[in-house]
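Have a look at the structure below before the remarks.
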Number of protein chains: 2
Amino acid sequence: MGANSRLTIAAHALAWIGLYQRQGHEVATSEQIATSANTNPVVIRRLLGELRRAGLMESRRGVGAGWSLTRELGSITLLDVYEAVDPGPLFAMHRALPDQGCVVGYGIQPALQGIYEGIEETLRHELARVTLENVLRDVLAAPRY
Amino acid sequence: MGANSRLTIAAHALAWIGLYQRQGHEVATSEQIATSANTNPVVIRRLLGELRRAGLMESRRGVGAGWSLTRELGSITLLDVYEAVDPGPLFAMHRALPDQGCVVGYGIQPALQGIYEGIEETLRHELARVTLENVLRDVLAAPRY
DNA sequence: ACCTGTTGCAACCTTTGCTGTTACGACTAA
DNA sequence: TTAGTCGTAACAGCAAAGGTTGCAACAGGT
């Protein structure tokens, strides 16, 4: 499957910023987050831009600029992040319309539509059960050697 | 997300073959299924080949060749089909290893791994609740005009 | 023994989406 | 005015999905 890492990187960034703010800093830069996630600052800015559009973040420009959270980590769920950065359905329909003269070709899309919607609703429910606070707790619980 | 239509096309093919066999035919050809799904026979043969590897189908060659089910539609679930044609995780980790010297970079992958596994387990459970018999019933229940 | 219809499979192309990178204007604190 | 950071466009590289063509392998009918 064309699985991507957008949810992973976004969760990483949010956990990083949350921890950083807890340590007394006001804002975090895309450069700092990119270093931790081992990627390019522009990738981070693009993702955080989508989170800002969803109301989860705000950014300041100019000298001493950077990113900050608009809510506590405990009130942000993986569902909020998922919907912000990973839109679109889990399963795609046919690329070309099936043969509408065939009984199966005619009925398959409505049938699968209903089934897929139920499954995606369950997925959203699961994502909504995990907060970024939970994620950060698990992150800090990783054993160090 | 890079959603693909493999599960959709495979379910379409299975429902088509199941109905066709119920009408007294022994085998179905990739040509017939491709016509119903409005795609190329080779695409169908590739997908059905993966279902055969999973033990859900068998194929005959030569004149009068084609595809047939090895089980009743009622004993095939969407999970069987999903695992046969759509392997790999739902969410990807970072492409490059995060900074292991950073607390978040160090703990993020184990943390997300555990969370993702739970979510995928729930997804599999949901897929397992739907049989191809259910799918075919819904297909035939589509209103005709 | 040949002909015919179908699968099995390799090779290639196009499209799409994600990721990474460079570049540069916009903005703001000092 | 300067310096540091965001905002965003543009482009390249890569991978996966889907479509297409071509052909060998196979098996039933004649």
Side-chain angles (χ1 to χ4, degrees), chain A residues 1-10 12-13 17 20 25-35 37-53 57-68 82 84-98, chain B residues 1-10 12-13 17 20 25-35 37-53 57-68 82 84-98:
Chain A
M1 156 161 325
N4 62 42
S5 60
R6 299 167 73 80
L7 181 60
T8 294
I9 302 294
H12 185 144
I17 298 169
Y20 197 60
H25 302 89
E26 291 240 338
V27 296
T29 70
S30 60
E31 175 71 34
Q32 295 171 309
I33 302 164
T35 298
N38 195 9
T39 181
N40 190 291
V42 176
V43 173
I44 299 297
R45 292 206 289 272
R46 280 201 289 240
L47 276 174
L48 295 191
E50 296 177 46
L51 296 182
R52 181 184 47 208
R53 239 167 279 138
M57 313 270 316
E58 52 191 16
S59 61
R60 293 205 300 237
R61 303 173 71 162
V63 173
W67 301 82
S68 54
Y82 177 74
V85 303
D86 231 336
L90 203 51
F91 306 111
M93 284 295 159
H94 311 64
R95 309 185 105 190
L97 191 67
Chain B
M1 157 157 325
N4 62 41
S5 61
R6 300 168 73 81
L7 181 62
T8 294
I9 302 294
H12 185 144
I17 297 169
Y20 196 59
H25 302 90
E26 292 241 337
V27 297
T29 70
S30 60
E31 175 71 35
Q32 296 171 309
I33 301 164
T35 298
N38 195 9
T39 182
N40 191 292
V42 177
V43 174
I44 299 297
R45 291 207 288 271
R46 281 201 287 240
L47 276 174
L48 295 191
E50 297 177 46
L51 296 182
R52 181 185 47 208
R53 240 166 280 137
M57 312 268 319
E58 52 191 16
S59 62
R60 294 205 298 234
R61 303 173 70 161
V63 173
W67 301 82
S68 52
Y82 177 75
V85 303
D86 232 335
L90 205 51
F91 306 111
M93 285 295 159
H94 311 65
R95 308 186 103 188
L97 192 67

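Each chain gets a letter, A, B and so on, in the order the sequences are listed, and its residues count up from 1. Just the heavy atoms: all of them, side chains too, but no hydrogens, waters or symmetry mates, feed the values below.
For B:S30, taking side-chain heavy atoms from C-beta onward, the closest of the listed nucleotides D:dG18, C:dT7, C:dG20 is C:dT7. Closest approach to the B:T29 side chain among D:dC6, D:dG19, C:dT6 is made by C:dT6 (side chain taken as heavy atoms from C-beta onward).
When rounded to the nearest whole Å, the span between CZ of A:R6 and P of C:dG20 equals 11 Å. Following rounding to the nearest Å, A:L7 (CG) and C:dT19 (P) show an atom-to-atom distance of 11 Å. Regarding A:I44, its CD1 atom lies at a distance of 11 Å from the C1' atom of C:dT19, rounded to whole Å. Between the CG atom of B:N38 and the C1' atom of D:dG19 there is a distance of 12 Å, given to the nearest Å. Following rounding to the nearest Å, B:H94 (NE2) and C:dG20 (P) show an atom-to-atom distance of 10 Å. At whole-Å resolution of the value, CE in B:M57 and C1' in C:dT7 are 12 Å apart. When the C1' atom of D:dC6 is taken as reference, atom CD of A:E50 falls 16 Å away, rounded to whole Å. Here the C1' atom of nucleotide D:dA16 and the CG atom of B:L90 are 16 Å apart, to the nearest Å.
Of the two residues near DNA chain C, B:S59 and B:A92, the one whose nearest nucleotide lies more 5' is B:S59. Between A:A28 and B:I9, the residue anchored closer to the 5' end of DNA chain D is A:A28, taking for each the nucleotide with the nearest heavy atom.
Nucleic acid contact class of B:G49 (heavy atoms, under 4.0 Å, all strands): none. Using a 4.0 Å heavy-atom distance criterion, A:R46 is classed as a base contact.
Partners of A:R6 by salt bridge (charged side-chain N to carboxylate O under 4.0 Å, His left out), not counting sequence neighbours, listed by chain and number: A:E50.
Heavy-atom minimum distance, A:P41 versus A:A34: N-CB, 3.6 Å.
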Margin query: Walk me through whether B:M57 and B:I17 qualify under side chain to side chain contact (heavy atoms under 4.5 Å, CB included).
Written below: CA-CA 10 Å; B:M57 312 268 319; B:I17 297 169; 3.7 Å; yes
Note to self: I'd like to know whether A:V27 forms a side chain to side chain contact (heavy atoms under 4.5 Å, CB included) with A:R60, so could you lay out the CA-CA distance, the side-chain angles of the two residues, the decisive distance to 0.1 Å, and finally the verdict.
What the structure shows: CA-CA 8 Å; A:V27 296; A:R60 293 205 300 237; 3.7 Å; yes
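When the side-chain nitrogen and oxygen atoms of A:R95 are compared with OP1 and OP2 of C:dT15, none of them lie within a distance under 4.0 Å.
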Note to self: Return a single string for nucleotides 22-30 of chain D, one symbol per nucleotide in 5' to 3' order, where B is base contact, S is sugar-phosphate-only contact and - is none, cutoff 4.0 angstrom on heavy atoms.
What the structure shows: ---BBBB--
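Exactly one of A:T29, A:L48, A:L51 qualifies for a side-chain contact (heavy atoms from CB on, under 4.5 Å) with A:W67. That residue is A:L48.
Ring-plane geometry between A:F91 and B:Y82 is classed as perpendicular, the angle between the planes exceeding 60 degrees on a 0 to 90 degree scale with a lower cut at 30. Ring geometry, B:Y20 versus B:H25: the interplanar angle falls under 30°, so the pair is classed parallel (tilted spans 30 to 60°).
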